[in-house]
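Computed from heavy atoms alone, side chains included, the values below leave out hydrogens, waters and symmetry copies.
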Amino acid sequence: MQVFVVGNISVDETFLIDELPAKGASIHGVKTHQDLGGKGTNQAIILSRCGIKTTLIAAVGNDSQGKWCHEKIASENLALFPSSPRDCRTDTSLVLNCADGDNANITTVTAANVLSLDDINQAMSFSNSGDVVLQQGNFSVEKTAAVFTLARKKGLTTVFNPSPVKRAFAQLLPLTDILVVNQLEVRLLSGENEILPAAKALLNTGVSQVVVTLGAEGALLLNAQGLQRIAAPPVKVADTTGAGDTFLAVMLASTLRGQSPISAKDMRRAAKASAITIGRIGTLSAFPTRQELAELLN
């Protein structure tokens, strides 16, 4: 079983601020650190640390930041395709981390946009029926649809985490087997205000399993067998950056290792891993280690 994560790589620059600025405001902040990031990269690294064979399909630019990203990824047991940089700037994420642990992110997609369908098709030529393709919301609707259409033709399972979310992503749900969304995303894609009716509306589009993350309230899973909920473990919040990526990757790794549909057990493991990430400052540096993930998954 192999997972192909088609997404992005970015350099995360984190600033500590008192509160998110209002429109037109100028504020002071403290740059706390620089780390490897990008939702695709985050999820791929955690999947790999869970012992899942993972290929990250993502591009970096031919600048010093691209070289730095390659060096960071080389330290993980993770295949990267394409292996050579593209003629552009490497993507960057500006992370605004509030004193209460909440955050807001601004991410460029220059390198992500340069990644071509030919690049993706070439990387996925090494896939086998039953493998998994995981995408986030960093590509256009058309490009995301093309990747999932290719995956379906190859007999691959499609997993969609539409973040950053676009309303038009709703048209891609018939191409999606597993959908993982937060409270904002489930409402936007469904047009429903209440979480459960919203999740049911998305399930009715043809998605096999809908997972909604609810922050401190845990998560819910909706599929043909019904509804399951899990609570979030208590944690002292240091930084919520990467929490959702941790949850998704560990949940997916757990269900793949068990070779069964997503269960409450898989989500509880994911919530525990996410709590580890939330309790630490940073992105890559905050993720659970291989040892910590092995203990959670065994």
Side-chain angles (χ1 to χ4, degrees), residues 2-12 36-45 47-48 52-74 76 78-93 105-129 131-179 245 248-249:
Q2 182 172 188
V3 177
F4 294 86
V5 182
V6 188
N8 69 326
I9 301 171
S10 73
V11 178
D12 283 1
L36 184 67
K39 291 190 69 65
T41 300
N42 294 345
Q43 293 169 10
I45 286 174
L47 280 162
S48 176
I52 302 297
K53 184 179 181 182
T54 306
T55 297
L56 173 61
I57 307 173
V60 297
N62 57 354
D63 51 13
S64 59
Q65 288 186 318
K67 181 179 179 181
W68 181 82
C69 288
H70 266 278
E71 291 172 352
K72 284 283 190 178
I73 290 174
E76 302 284 341
L78 177 66
L80 175 63
F81 189 95
S83 58
S84 58
R86 293 303 187 249
D87 187 17
C88 64
R89 289 183 179 273
T90 299
D91 288 328
T92 302
S93 288
N105 303 330
I106 305 169
T107 302
T108 67
V109 291
T110 304
N113 288 338
V114 168
L115 184 72
S116 70
L117 287 174
D118 286 341
D119 290 329
I120 297 168
N121 190 20
Q122 186 176 349
M124 288 171 55
S125 66
F126 298 99
S127 66
N128 296 301
S129 179
D131 285 347
V132 175
V133 170
L134 166 60
Q135 286 195 92
Q136 306 78 37
N138 289 295
F139 297 149
S140 67
V141 175
E142 295 76 17
K143 188 173 179 179
T144 307
V147 174
F148 277 158
T149 299
L150 175 63
R152 282 288 177 88
K153 289 179 179 178
K154 292 178 175 292
L156 310 183
T157 298
T158 56
V159 182
F160 195 17
N161 176 217
S163 177
V165 68
K166 301 178 180 72
R167 192 182 301 274
F169 279 151
Q171 64 189 266
L172 306 186
L173 299 183
L175 294 171
T176 303
D177 294 312
I178 300 172
L179 179 68
D245 296 330
L248 185 155

Peer 1: May I ask you to check whether over 12 heavy atoms, not counting those of Lys143, lie within 6.0 Å of atom NZ?
Peer 2: yes
Peer 1: Which pair of heavy atoms, one from Phe139 and one from Leu115, lies closest together, and at what distance?
Peer 2: CZ-CD2, 3.9 Å
Peer 1: Check whether Lys166 reaches the backbone of Gly137 with its side chain - one donor and one acceptor, N or O, closer than 3.5 Å.
Peer 2: yes
Peer 1: Ignoring hydrogens, what is the shortest heavy-atom contact between Val141 and Ala168? Give both atom names and the distance.
Peer 2: CG2-CB, 3.7 Å
Peer 1: So, the side chain of Thr54 versus the backbone of Leu78: is there a donor-acceptor pair under 3.5 Å, distance only?
Peer 2: no
Peer 1: My understanding is that only one of Leu150, Asp119, Val133, Leu56 makes a side-chain contact (heavy atoms from CB on, under 4.5 Å) with Val6; could you say which?
Peer 2: Val133
Peer 1: Under 3.5 Å, side chain of Asn62 to main-chain N/O of Arg89, donor-acceptor pair present?
Peer 2: no
Peer 1: For the side chain of Gln135 and the backbone of Thr144, is there at least one donor-acceptor N/O pair under 3.5 Å apart?
Peer 2: yes
Peer 1: Looking only at non-hydrogen atoms, find the nearest pair between Ala58 and Pro82 and report the distance.
Peer 2: O-CD, 3.5 Å
Peer 1: Determine the minimum heavy-atom distance between Thr158 and Thr176, stating which atoms define it.
Peer 2: OG1-CA, 3.3 Å
Peer 1: Examine the side chains of Asn8 and Asn138 and answer whether a donor and an acceptor come within less than 3.5 Å of each other.
Peer 2: yes
Peer 1: Looking at Asp63 and Arg86, is there a salt bridge between them, counting it only when a charged N and a carboxylate O are closer than 4.0 Å?
Peer 2: no
Peer 1: Under 4.5 Å between any side-chain heavy atoms of Ser127 and Lys154, yes or no?
Peer 2: yes
Peer 1: Applying side chain to side chain contact (heavy atoms under 4.5 Å, CB included), run through Thr92 and Gln65 and close with a yes or a no.
Peer 2: CA-CA 9 Å; Thr92 302; Gln65 288 186 318; 3.6 Å; yes
Peer 1: Is the closest basic N to carboxylate O distance between Lys39 and Asp245 below 4.0 Å?
Peer 2: yes
Peer 1: For Asn42 versus Gly37, what's the shortest heavy-atom pair and its separation?
Peer 2: OD1-CA, 3.6 Å
Peer 1: Do the ring centers of Phe4 and Phe126 come within less than 6.0 Å of each other?
Peer 2: no
Peer 1: Any luck finding a side-chain donor-acceptor pair between Thr55 and Gln2 under 3.5 Å?
Peer 2: yes
Peer 1: Classify the side-chain pair Ser10/Ser93 by whether it contains a donor and acceptor separated by less than 3.5 Å.
Peer 2: yes
